[in-house]
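One structure is given here, and the rest of the page talks about it.
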There are 2 protein chains.
Amino acid sequence: MSPAERQYQRIAADLRRRIGLGEWQTGDVLPSRAKLAIEYAVDANVLQRAQQLLITEGLLEGRTGSGTYVRRPVPRRAMVRSRIGAPVSFRADLGAIDGTGSWESSTDTNSPAPQRVAARLGVEPGAPTVHTVYEFLIDSQPVLLANSWEPLALTQGSPVICPEYGPLAGQGVVRRMAEIGVRVERAVERTRPSRATATQANLLGVSAGDLVTLIERTHYDQDGRAVETAELVVPDSRWDISYELPIGRQES
Amino acid sequence: MSPAERQYQRIAADLRRRIGLGEWQTGDVLPSRAKLAIEYAVDANVLQRAQQLLITEGLLEGRTGSGTYVRRPVPRRAMVRSRIGAPVSFRADLGAIDGTGSWESSTDTNSPAPQRVAARLGVEPGAPTVHTVYEFLIDSQPVLLANSWEPLALTQGSPVICPEYGPLAGQGVVRRMAEIGVRVERAVERTRPSRATATQANLLGVSAGDLVTLIERTHYDQDGRAVETAELVVPDSRWDISYELPIGRQES
DNA sequence: TCGAATTTGTGCGTATGTATC
DNA sequence: GGATACATACGCACAAATTCG
């Protein structure tokens, strides 16, 4: 079984070729694996492996019970996480780009802080937080997931306790905190590559295991106190993440 | 075959438990698949699948022909890509953290620009560039790969044509460019999740397909001209990437 | 030095689960 | 609810790498 004659790779290459030739157009469904298996005179599972390669490449898309489709190339959008002179905000995550974005959210105003969140906020695990779940939509399709936590102690009793209700709804952490006298001075974003969980994939309309970037962001006030932390799930297929950084006079 | 009774998951969980209990220590080799298969009374391939799960988790490591080992947990190091008041530099990639880092490099002073590099540098594809390949080492082990390109036209005839030779060797792009009157004002970093290629995995001592972050960085001068662009391969298992961002008075 | 035994890694066929139409 | 299609678990055979006599 030398590498040169691996059936599933040979078939994958041939399928790629036929798609390139236009035998199946964008959005078309391929013949079923059973039929293609007969055509290539191999077991259907070999076709599964071949198509899996093209699915990983992003060329095909399998829909259980329906068929295997030629994927419509979705444009990747730019997400500029920091622009010199225009600091990052939740709004910048999406809405600032053009007018087509929107988001849905739901807030729990008394949610116990999970371990990792408590550590980032500098509170005890289980301490009460305001927890908001976001789904950012483009054309009614979720393209970005986010979870945000704020210590309840910080905003309790104030009009800005809910990020998405009240006078400053949807205005972002920085402005809301300013309203109660908290000056947000800096944010730290930790990025790491990951694979979409089944739940995330389902929400985002991608395949489980697809590449995503997890962004873990924490906002700090002038005293170095964490006032908010968030976790973003950014599918690589839809977003192009970049940071613009100023360069000082010289490096140390 | 309901989810509750999937053999390979049950066995993976049990192996995880036994490792947690210390039955096999860090660096130890597990009994062979054949033996474990007999012990669990399943086909050896089921054990292969179970161990594959733990390998993906980073708990085990398979060595062809030798055995399956309990992986030594390598500490993840912090890589702060931008710190307020201390701009990013190649040195900051590694050396600024502590004294243990070093790097090796090789430079080609007349390398035709590949398509994507040319686009980023704003030159014609195939235009001559100074191309430098870096391997960053900790304890003599490569932990970070980088490729850097500069337009040859920029530095030709100057003493700073080679990043890693001459009077300012290893001093970073910003200072070198300052030497020839080019003021680097800003950098843009594009990050995206990816999987390690076989070549990269081999160099980095990780497994092919392991998660990595690709960072594509471009330096611009005061006229908005690209003066250098680089591509970094950062294995997730070893690095924790973060950006520290200033927050302005209020958001737009 | 070399080759046989051992061990991990991979391809592929069969059987079955599960979603869709 | 039945037929169809994709998804996955598992068993077998074999390849590749290592180990050891």
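Just so we're on the same page: letters track the sequence lines, and every chain starts at 1.
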Q: Applying salt bridge (Lys or Arg N to Asp or Glu O under 4.0 Å), name anything that partners B:E135, two or more places apart in sequence or on another chain.
A: none
Q) Are OP1 or OP2 of D:dC6 and a side-chain N or O of A:T68 less than 4.0 angstrom apart? A) yes
Q: Indicate whether OP1 or OP2 belonging to C:dC12 is found under 4.0 Å from a side-chain N or O atom of A:Q7.
A: yes
**Q.** Residues within residues 33-55 of chain B bordering DNA chain C, heavy-atom distance below 4.0 Å
**A.** B:R33, B:K35, B:Q48
Q. What orientation do B:Y243 and A:Y243 show, parallel under 30°, tilted 30 to 60°, or perpendicular over 60°?
A. parallel
(Q) Using 0.5 Å steps for rounding, measure from the CZ atom of A:R71 to the OG atom of A:S207. (A) 5.5 Å
Q.
Of the options C:dC12, C:dG11, C:dT8, whose atoms approach the side-chain atoms of A:R6 most closely?
A. C:dG11
(Q) What's the closest nucleotide to the side chain of B:Y8 if the choices are C:dT8, D:dA9, D:dA5? (A) D:dA9
Q.
Between B:G67 and A:R63, which residue's closest nucleotide on DNA chain C lies nearer the 5′ terminus?
A. B:G67
Q. With a 4.5 Å limit on heavy-atom distance, are the side chains of B:R49 and B:Q9 in contact?
A. no
Side-chain donor-acceptor contacts of residues 33-43 of chain B below 3.5 Å, not counting sequence neighbours, with atom names and distances?
residue: B:R33; atom: NH1; partner: B:Q48; partner atom: OE1; Å: 2.6
residue: B:E39; atom: OE2; partner: B:R18; partner atom: NH1; Å: 2.8
residue: B:E39; atom: OE2; partner: B:R18; partner atom: NH2; Å: 3.2
residue: B:Y40; atom: OH; partner: B:D14; partner atom: OD2; Å: 2.4
residue: B:Y40; atom: OH; partner: B:R18; partner atom: NH1; Å: 3.1
residue: B:D43; atom: OD1; partner: B:N45; partner atom: N; Å: 2.7

Q. Between B:R120 and B:E231, is the closest basic N to carboxylate O distance under 4.0 Å?
A. yes
